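We count ligands from 1, going down the list as the structure has it; atoms in each ligand are counted the same way. Here the structure is a predicted model, which means the values were calculated and not measured.
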Amino acid sequence: MYTTEGFTGTICNTPLIRLSRLSEETGCEILGKAEFLNPGGSVKDRAAMGIIHAAEASGELRAGGTVVEGTAGNTGIGLAHICNARGYRCVIVIPETQSQEKLDLLRVLGAEVRPVPPKPYSDPGNYQHIARRLAEETDNAIWAAQFDNTANRDAHYATTGPEIWHETEGRIDAFVAATGTGGTLAGVSRYLKEQSEGVRIVLADPPGSALYNWVKNGDLQSVGSGSITEGIGTSRVTANLEGTAIDDAVMPADQESVDMVFRLLHRDGLFLGGSAGLNVCAAVQVARDLGPGHTIVTILCDSGARYQSRLFDPSWLAGKGLQAPDPASI
Ligand code: PMP
């Protein structure tokens with residue numbers, strides 16, 4: 001029999017999809033890692049699994065314990081699934097600005113959801129600090145701490161990086177990804193650079209984030225007024241991101257990311273979220289910079305289903321000064 005073991009057994013080993021039209025247009029191989037096919041529906045299943053395995057291995061998380069996390073959604077969804085599968089209670093603190101679909105799903109999965117007003121990281125009311133305090137006050141509980149718990153990065157070093165290297169047979173010129181915690185970019189960068197120093201690592205940053213400037217000139221200064229993308233962009237260098245080799249950064253405008261999301265849906269049949277749209281825009285930009293003949297890999301982080309009431313609602317987009325492209329003209 002060829003079987004996998006339960007929920008966590010189905011995380012990882014996602015296909016690497018060749019985006020054929022974009023590849024033909026750029027003369028490069030533009031490849032997207034289909035993270036939306038993880039069982040919890042996003043790239044964050046890997047981090048959730050890595051964090052829980054590490055906490056179990058260290059003895060910090062014991063039978064019947066509680067996992068508390070501050071999350072923009074996808075990590076919480078991964079954690080909620082794994083907690084169900086392993087008999088833990090799951091408490092999720094989430095900024096109330098996140099999409100209704102993610103809040104509803106977390107509740108259906110059985111997590112205790114605590115929406116809180118968005119506050120900067122420097123404010124004690126920031127969702128991450130609230131999560132830490134809740135875990136401290138609860139018996140036999142861990143704070144998953146995805147931003148600074150490097151079990152997150154380690155999961156990508158152990159799985160995403162080797163999968164990409166194997167799937168491209170080592171023929172990869174650049175890896176491009178947006179960062180939320182930085183776990184994906186940091187883990188994959190470490191693994192790929194160990195295999196071949198020449199692999200170019202490019203951080204894709206949404207408008208409003210500070211990392212674009214940080215990569216370009218060492219200055220944590222935000223550019224632009226904000227983004228409709230969710231789960232990415234930040235104003236600080238997390239422990240996961242610290243010390244990561246990054247060669248360059250790009251910052252696609254939101255309209256470009258939205259156009260790409262619609263294009264991927266209507267021309268390639270791929271129903272993806274905003275961060276995947278931004279990642280693919282960034283991959284195309286890197287392809288144009290490098291010129292034909294190169295292989296560029298990026299991450300297709302989650303599905304468009306998580307954003308139906310926003311990204312795919314023309315009036316919601318219009319309220320943000322953005323346009324839903326006409327499928328006939330894409
Ligand atoms: N895209 C989406 C939709 C996410 O939820 C996240 C994580 N918050 C990311 C991308 C970025 O992943 P990472 O935390 O590994 O940097």
May I ask you to identify the nearest protein heavy atom to [atom], giving residue, atom name and distance to one decimal place in Å?
{"atom": "atom 7 (C) of ligand 1", "result": "Lys44 CD, 3.3 Å"}
{"atom": "atom 1 (N) of ligand 1", "result": "Ser275 OG, 2.7 Å"}
{"atom": "atom 6 (C) of ligand 1", "result": "Gly231 O, 3.4 Å"}
{"atom": "atom 5 (O) of ligand 1", "result": "Asn74 ND2, 3.0 Å"}
{"atom": "atom 10 (C) of ligand 1", "result": "Ile232 CG2, 3.3 Å"}
{"atom": "atom 15 (O) of ligand 1", "result": "Thr184 OG1, 2.6 Å"}
{"atom": "atom 13 (P) of ligand 1", "result": "Thr181 OG1, 3.4 Å"}
{"atom": "atom 16 (O) of ligand 1", "result": "Gly180 N, 2.7 Å"}

query = Judging by distance only, is a nitrogen or oxygen of Asp302 under 3.5 angstrom from one on ligand 1?
reply = no

Show the atoms of ligand 1 that are less than 4.0 angstrom away from any heavy atom in [X].
{"X": "Gly182", "value": "13 (P), 14 (O), 16 (O)"}
{"X": "Tyr307", "value": "3 (C)"}
{"X": "Gly183", "value": "15 (O), 16 (O)"}
{"X": "Glu230", "value": "2 (C), 3 (C)"}

query = Side chains of Asp254 and Ser227: donor-acceptor distance under 3.5 Å anywhere?
reply = yes

query = Between the side chains of Arg171 and Thr295, is a donor N or O closer than 3.5 angstrom to an acceptor N or O?
reply = no

inquiry  = Please verify the inter-ring angle class for Phe312 with Phe262; under 30° counts as parallel, over 60° as perpendicular, anything in between as tilted.
reply    = tilted

inquiry  = Below a 4.0 angstrom heavy-atom separation, can you tell me which part of Phe147, side chain or backbone, both or neither, approaches ligand 1?
reply    = neither

task = Establish, yes or no, whether the cationic atom of Arg236 lies under 6.0 Å from the six-membered ring centre of Tyr121 and within 45° of the ring axis.
result = yes

Any carboxylate oxygen within less than 4.0 angstrom of a Lys/Arg side-chain nitrogen, looking at [X] and [Y]?
{"X": "Glu136", "Y": "Arg132", "answer": "yes"}
{"X": "Glu56", "Y": "Arg86", "answer": "yes"}
{"X": "Glu112", "Y": "Arg107", "answer": "no"}
{"X": "Glu230", "Y": "Lys102", "answer": "yes"}
{"X": "Arg263", "Y": "Glu25", "answer": "yes"}

